[in-house]
Amino acid sequence: MLRAAITIADSGGIESLTMRRLAEELGAEAMSLYYYLASKEDLLDGIADAVVAEINDVAGTIGVPSAGASWKTAVRRRILSAREVLLRHPWAPRVFETRTSTSPAVLLYYDGLLRLMRDGGFSYDLIHHALHALGSRALGFSQELFDPSAAPSDEESAAALQSMTNQVPHLVAMFMEVAHDDPDSTLGWCDDQTEFEFGLDLVLDGLDKMRETGGRSG
């Protein structure tokens, strides 16, 4: 059932996943699904867990050293492997952001991340700060600061931005300059692979310096 739901979301986006559509895919009546699921939220919980389980399976195959200075390569590989999975399921970050509880699969993913950082010599206190700094990037996607994608079209978004040039000239200039044209590397309006890796490396480099100084910033 969950695999069928994921297939529907992969092909048509999360909006296309309804109980009726899933029932059709399974050759069943929509009401019969409620024998297994109390609500659509239960279904979303289930597919979110399934995607994270897929991430854990991929991350589990990474066999790179993590001791000492090698921690950064190991953590980077783990996070980018999570991102590879999410690029196959681009709807998943939106579902993650709306879940009200943390699943065992997510806890397992983060526990593996902590293990790599402990191997690298991080204290638990510094790891706690690191997870806050990494934010959603630790799981392979970036939460967007700005998202004009709610506008009906790219043309209307551009026109709306242009109309604000006098009020926020620098913001408009930046938006107009950094337009992206590679949907396969994107999990959001502006979250392409280059930007994701730039932000990830910036955080990891800073954490590596703090690891060497025992967590002191000065």
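The figures that follow rest on heavy atoms only: side chains count, while hydrogens, waters and symmetry mates do not.
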Is the shortest heavy-atom distance from the side chain of W91 to the side chain of I6 under 4.5 Å? yes
Can you confirm whether Y110 is buried at OH, in the sense that more than 12 heavy atoms of other residues, nucleotides or ligands lie under 6.0 Å from that atom? yes
Minimum side-chain heavy-atom gap R99-V106 below 4.5 Å: no
Residues two or more places apart in sequence or in another chain: which of them pass salt bridge (charged side-chain N to carboxylate O under 4.0 Å, His left out) with E97? none
So how far is it from L22 CG to I8 CD1, rounded to the nearest 0.5 Å? 5.0 Å
F122 vs M210, test: side-chain contact (heavy atoms from CB on, under 4.5 Å). Steps then yes/no. CA-CA 9 Å; F122 283 81; M210 295 195 76; 5.9 Å; no
How far apart are the closest heavy atoms of W71 and L116, and which atoms are they? CB-O, 3.9 Å
Does a side-chain heavy-atom distance below 4.5 Å link L17 with I47? yes
Quick test of your reading of the model: are E29 and R20 salt-bridged, counting only N-O distances below 4.0 Å? no
All heavy atoms of L33 vs all of A23, minimum pair found to be CD1-N, 3.8 Å
Specify the closest pair of heavy atoms between M19 and L43, including all atoms of both residues, with the distance to one decimal. SD-CD2, 3.9 Å
Within-4.5 Å side-chain heavy-atom neighbours: L131 and L113: yes
How close do Q143 and S136 get, counting heavy atoms only, and between which atoms? N-OG, 3.1 Å
Walk me through it: do T100 and E41 pass the test side-chain contact (heavy atoms from CB on, under 4.5 Å)? CA-CA 10 Å; T100 58; E41 287 302 307; over 6 Å; no
Do you reckon L108 sits in the same ILVMFWY cluster as I55, going by side-chain contacts under 4.5 Å, direct or chained? no
Single hit among K72, R137, R76 for salt bridge (Lys or Arg N to Asp or Glu O under 4.0 Å) with D201: R76
Has R118 got more than 12 heavy atoms of other residues, nucleotides or ligands less than 6.0 Å from its CZ? yes
State, with a plain yes or no, whether a side-chain heavy atom of S81 is found less than 4.5 Å away from one of I62. yes
Can you see which heavy atom on L187 is nearest to which on P90, and at what distance? CD2-CA, 3.6 Å
T61 side, atom OG1; N56 side, atom CG - distance, nearest 0.5 Å: 11.0 Å
R83 side chain near I79 side chain, heavy-atom distance below 4.5 Å: no
Check: L80 and L200 side chains under 4.5 Å, non-hydrogen atoms: yes
Does the side chain of E195 reach to within under 4.5 Å of the side chain of D192, using non-hydrogen atoms? yes
